[in-house]
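So the structure is just underneath, and the comments pick up after that.
Because only heavy atoms are used, hydrogens play no part in the values below, and waters and symmetry mates are left out as well, while side chains stay in. All values derive from a computational prediction rather than experimental measurement.
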Amino acid sequence: MSLAQMHYASAAPGDQEAEGRFTAVGPGVSGALLAEIEPLLRHGLPEGVAERPTDGELRSLPQPFTYAVLADGGRLVARSAAVRETGGGPGVRFHAHAVHVPPGVPLPDDRMAVEAWRSPHWVAATPGGPVPDPLSLPPGPAAVSEGLDDFAVSRGPWLAAVLADLRRASGVEPAGGGPVVLVERQCADVARWLGLASATLPRAYAERLTFTTYTRRPGSSTLRVVGVRPEDAEAARGAGLRVHLCAGPSPAVGGAGDVWAVTAARVWRSRSPELFDVASELPGEPFAAGPLAVTALCAGITLGPDERSAAACWAADRPYALDAQRAGRLVEALTSPAVDDRTGAEFDAVGRLFGALESRCPASVTAPLAAMLVTEAVRGGNGSVELPHRDAFTGPEGAAVAERLGPEILNELGGGAAGTRPVARTVQLLRVARLLGVDTAELLPEVVACLASALPAETVGCGEPVDGSGREGPSGGAGADPGGPPDFAPALLELLDEQFEVRTALLGALDRLAPDDPGAVARFLERVALPFTGTQALPHLRMCAEAPGAMAAQGGDRAAVWRRVLRSAGLSPFAEPLVLRTAVGLVWEDRAPSVEEARMLLEAATSDAHRAAGTWARLVDAALGASAAEPSAAGSPADGPAADEAAALAHDLLCGFPEEIGGRERAGLLLLDLARELRTGAPDPGWTETVRALCARAEPVGPALRERAHTALVERLLAPDRPGAELYAFVHADDAELVAAYDRAARTETVRARLRTQPAYAADCFTVWTAHPHAGTAWPPVAAALLAEVLRPAVRAMSAEEVAEVEATVGRTGSSGRAGAFRAWNRSSALGRLGRRIAGRVRRG
């Protein structure tokens, strides 16, 4: 069919009265369609055009080539050329020659629009009669494809970035942000970019790329690709458009993140555009990098690590898509000795490819992949490499690899850096050694011992709060949320499944280490489920595995958790005392037991068992760290059932472990025991000096323990039956801290009530508080304050008969002079009251 052609002449620059106009319009083109087409044919001349350009200057002006999709689905293909003003006048204008393609009608010979760029039938003047259709091209390759290889090589630094943007612009819905801007000095070079796109993109995508090879208004263009000259590039950048300055310095990077575009650029630079058609026959989504990368590698084109990874991943997912010859070429390219920039991701992809091809191709094809994987595992330290099976090497290939890598494996396993070698590295080396048949029996005990020590230490992220409140589980660590398995877990489990001797040795080594840090081992077992269900006893590992479940089931009842964990060992603490240490470490990992729990532990085994397990130290911590549960009669927290139980526990520990407990711990326990005797028995004489000496030896002594001892001492000194010698020693010791404790105890309600109701006790306190007026500096002011602030209110509350009894008791126990002193002290109090009453009456009168 014949396509309608149009001719349009633009207004001359600077001519304000003239307007652009269609000078010829073919049949079937409506006025509405012309109104839509006209803005697409207007072009502005570059700045600096001479008023009367020479023929050479006129030919060097832009010749825009435009392809647009119209609102009705039709398409417009047009070429414009700069021409002189008609009539010989000064000035230059554009003449546009356009072809309208109706909706649903393909271009002649099913050509791409860009192929008509250099058609010989475009004219630069309105013809007087019909002209040939410029879209009807001669048979064979269009002129636009000529020299594309050379052009692609010359634009190598920009290729990937431009192709990536053209791919995004060719979607069903164009990428937002306006057109892609290609900056070139010549319109022909912009057309060549579009020729590259038409040869690279799938046909449906290439046809969606509307474009013009020249415009001065890129920001207002509705086309998907526009070309501008260098002088207009800054305006395009200012409009926020994607600008590729292909006429300037080479960019630093291009096409980053778009593996398809990078691969396509390498194909073009290798002058192999025919590979795009070959790749299009392989299965895969449009713009998937895998098919193109596989095709390029099989053709001998050098690719980067990302492109090689894409090829390996695609082939691993679709091994059926490759015949034996192509699979061999791909393997040869991936394993080439000339490649020295492989990444971890590439090795992972190659591992997947090996697994996919292993059952489909002969060993001679896959052996290079296997050799590359094990070599990377040994020399590259890549712990994530998926190792092949033992039968991957079935001939000289395996022997050659073993001969090359065996000494390196043995040297590293037996080296002095075993203690710092990561778990994943040790596991990988052991697995590769078995794969290659390398004998490691002589090194195995030392290697397994180091591996067992590293496993709990490298299992990080444990001991975090369970509920986000800052509180941990009952054990303070072993019961906390363990998180996910560590990265080395899958390889470790495969190692234990593959090598029975390693599993036996490793489980035994872990069981021997568990008593020293059972919480860490328990957290490790919670994240890595080791297979220890065989015939090995492994009591400590079984306890560590049982602990998390016991804590979840028993909640905060640590005693119940301890009994359940101990039972899981399958051994009695009498037969194997170390199970005591493991159980205590699991349940009370970062804290001391309570006094009740310590009593339970002490009664659960003999002192010999606790001595062998070292758990007696936890019992000492429980006694020294106990806090009072009830206030004492003196109002301090140093008495009550908790204090009594702690003191009783201290007494038992001193009897049970006389040789083990020493230093400040022994002094602290003796303080607790002395406090018990001061309250319930008859301690040896010299109470004050004993308390002071034990506190000094127990430094740094806890405030609760110090207060407990001081309170027990002063409460006994305030008792009516205290020995006078002990009170004398206390007063003359001049210990300000002890005197302050005495003062606090004397002011409690218990002592005040006794003073008000027991005249004999009041008489005794008067005698004591007035008997040592010159005993140091601490006692006299405290005694005077107690007389005035504690005893005087008590005496005021007594009846006359009770006061007389106090006076008589003071005289009997002291002397007539002391009785007179009491009368004088009491009279001064009465006179003071009387004087205050008289003064009050005078004021009221």
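- When side chains are defined from C-beta on, Leu506 counts as touching Leu492, because their heavy atoms get closer than 4.5 Å.
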Item to complete: Report the C-alpha distance between Leu451 and Val423 in whole Å, list the side-chain angles of each, state the deciding distance to 0.1 Å, and finish with yes or no for side chain to side chain contact (heavy atoms under 4.5 Å, CB included).
Response: CA-CA 6 Å; Leu451 180 60; Val423 168; 3.8 Å; yes

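- Side-chain contact between Asp517 and Pro456: absent, with no pair of heavy atoms (C-beta onward) separated by less than 4.5 Å.
- Closest approach of Ala547 and Val565 over heavy atoms only: CA-CG2, 3.9 Å.
- Listed by first and then second residue, the salt bridge (Lys or Arg N to Asp or Glu O under 4.0 Å) pairs involving residues 498-507 are Arg431-Glu498 (not counting sequence neighbours).
- Side-chain contact between Thr459 and Phe488 is present, with at least one heavy-atom pair separated by less than 4.5 Å.
- Among pairs with a residue in residues 617-626, none fulfils side-chain hydrogen bond (donor to acceptor under 3.5 Å, both in side chains), at least two apart in sequence or across chains.
- For the pair Pro723 and Trp687, the minimum side-chain heavy-atom distance is below 4.5 Å.
- Two residues are said to be in side-chain contact when any heavy atoms from C-beta on lie closer than 4.5 Å; Arg792 and Leu787 fail this criterion.
- Side-chain N or O atoms of Thr748 include one that pairs as donor or acceptor with a backbone N or O of Ala745 at under 3.5 Å.
- Here CG of Leu718 is found 7.5 Å from CZ of Arg754. Values are rounded to the nearest 0.5 Å.
- When all heavy atoms of Arg692 and Ala733 are compared, the closest pair comes out as NH1-CB, 3.6 Å.
- Glu408 places no side-chain N or O within 3.5 Å of a backbone atom of Val378 that could act as its donor or acceptor partner.
- Within the 3.5 Å criterion, the main-chain N or O of Leu578 finds a donor-acceptor partner in the side chain of Glu576.
- Taking CG of Leu694 as the reference point, atom CG of Leu671 lies at 4.5 Å (rounded to 0.5 Å).
- Looking at residues two or more places apart in sequence or on another chain, you find a salt bridge (Lys or Arg N to Asp or Glu O under 4.0 Å) between Arg611 and Asp608, Glu660.
- A salt bridge links Glu589 with Arg523: the distance from a Lys NZ or Arg NE/NH1/NH2 to an Asp or Glu carboxylate oxygen falls below 4.0 Å.
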Worksheet item: Should Arg421 and Glu458 be marked as a salt bridge (Lys or Arg N to Asp or Glu O under 4.0 Å) after you check the CA-CA gap, both sets of side-chain angles, and the distance that decides it?
Response: CA-CA 11 Å; Arg421 187 169 51 237; Glu458 203 170 316; over 6 Å; no

Practice prompt. Any chance you could lay out the side chain to side chain contact (heavy atoms under 4.5 Å, CB included) test for Leu430 and Leu413, step after step, and finish with the verdict?
Written response: CA-CA 8 Å; Leu430 288 173; Leu413 285 176; 4.1 Å; yes

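- Scanning both residues, Val579 and Pro573, for their nearest heavy atoms gives CG2-CA, 3.8 Å.
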Item to complete: Could you give me the CA-CA distance, side-chain angles and deciding distance for Val521 and Leu455, then say whether side chain to side chain contact (heavy atoms under 4.5 Å, CB included) is met?
Response: CA-CA 8 Å; Val521 175; Leu455 285 173; over 6 Å; no

Fill in: From CA spacing to verdict: salt bridge (Lys or Arg N to Asp or Glu O under 4.0 Å), Arg706, Glu699
CA-CA 10 Å; Arg706 183 189 298 274; Glu699 288 294 344; 2.5 Å; yes

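- Here the side chains of Val620 and Phe657 are not in contact, with every heavy-atom distance at 4.5 Å or above.
- A pairwise comparison of heavy atoms in Gly519 and Leu586 identifies N-CD2, 4.1 Å as the closest pair.
- Put simply, the side chain of Arg581 never gets that close to the backbone of Thr615: no donor and acceptor are under 3.5 Å apart.
- Rounding to the nearest 0.5 angstrom, the gap separating the CG atom in Leu670 from the CD1 atom in Ile661 is 9.0 Å.
- Here the side chains of Leu738 and Leu713 are in contact, with some heavy-atom distance below 4.5 Å.
- Using a cutoff of 4.0 Å between basic side-chain nitrogens and carboxylate oxygens, Arg716 and Glu726 are not scored as salt-bridged.
- Legend: residues meeting salt bridge (Lys or Arg N to Asp or Glu O under 4.0 Å) with Glu597, ordered by chain and number and at least two apart, are Arg558.
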For a quick test of your reading: what N or O donor-acceptor pairs under 3.5 Å do the side chains of residues 772-779 make, sequence neighbours left out?
none

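- For Asp684 (side chain) and Gly686 (main-chain N/O), no donor-acceptor pair under 3.5 Å exists by modelled atom type.
- Going from atom CZ of Arg666 over to atom CG of Leu624 covers 12.5 Å, rounded to the nearest 0.5 Å.
- Surrounding CG of Asp487 are at most 12 heavy atoms belonging to other residues, nucleotides or ligands under 6.0 Å away.
- When side chains are defined from C-beta on, Val806 does not count as touching Phe766, because their heavy atoms never get closer than 4.5 Å.
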Worksheet item: Can Arg722 and Asp764 be said to form a salt bridge (Lys or Arg N to Asp or Glu O under 4.0 Å), step by step?
Response: CA-CA 11 Å; Arg722 68 315 174 247; Asp764 182 66; 3.1 Å; yes

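- For the residue pair Leu649 and Leu619, the shortest heavy atom distance occurs at CD2-O, 4.1 Å.
- From Met543, atom CE reaches atom CG of Leu538 across 12.5 Å, with rounding to the nearest 0.5 Å.
- Within the structure, side-chain hydrogen bond (donor to acceptor under 3.5 Å, both in side chains) contacts touching residues 562-572 (residues at least two apart or in different chains) are Glu546-Arg564.
- With hydrogens and angles ignored, the 3.5 Å screen pairs no side-chain donor or acceptor of Arg697 with any backbone N or O of Arg664.
- Annotation for Ala741 and Val714: closest pair O-CG2, 3.8 Å, computed over non-hydrogen atoms.
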Worksheet item: After noting the C-alpha distance and the side-chain angles of Val768 and Leu727, does the key distance pass the side chain to side chain contact (heavy atoms under 4.5 Å, CB included) rule?
Response: CA-CA 9 Å; Val768 172; Leu727 182 62; 3.3 Å; yes

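- Counted within 6.0 Å of CD on Glu494, heavy atoms from surrounding residues, nucleotides or ligands total more than 12; the atom is thus considered enclosed.
- The distance from atom CG of Asp511 to atom CZ of Phe532, rounded to the nearest 0.5 Å, is 9.0 Å.
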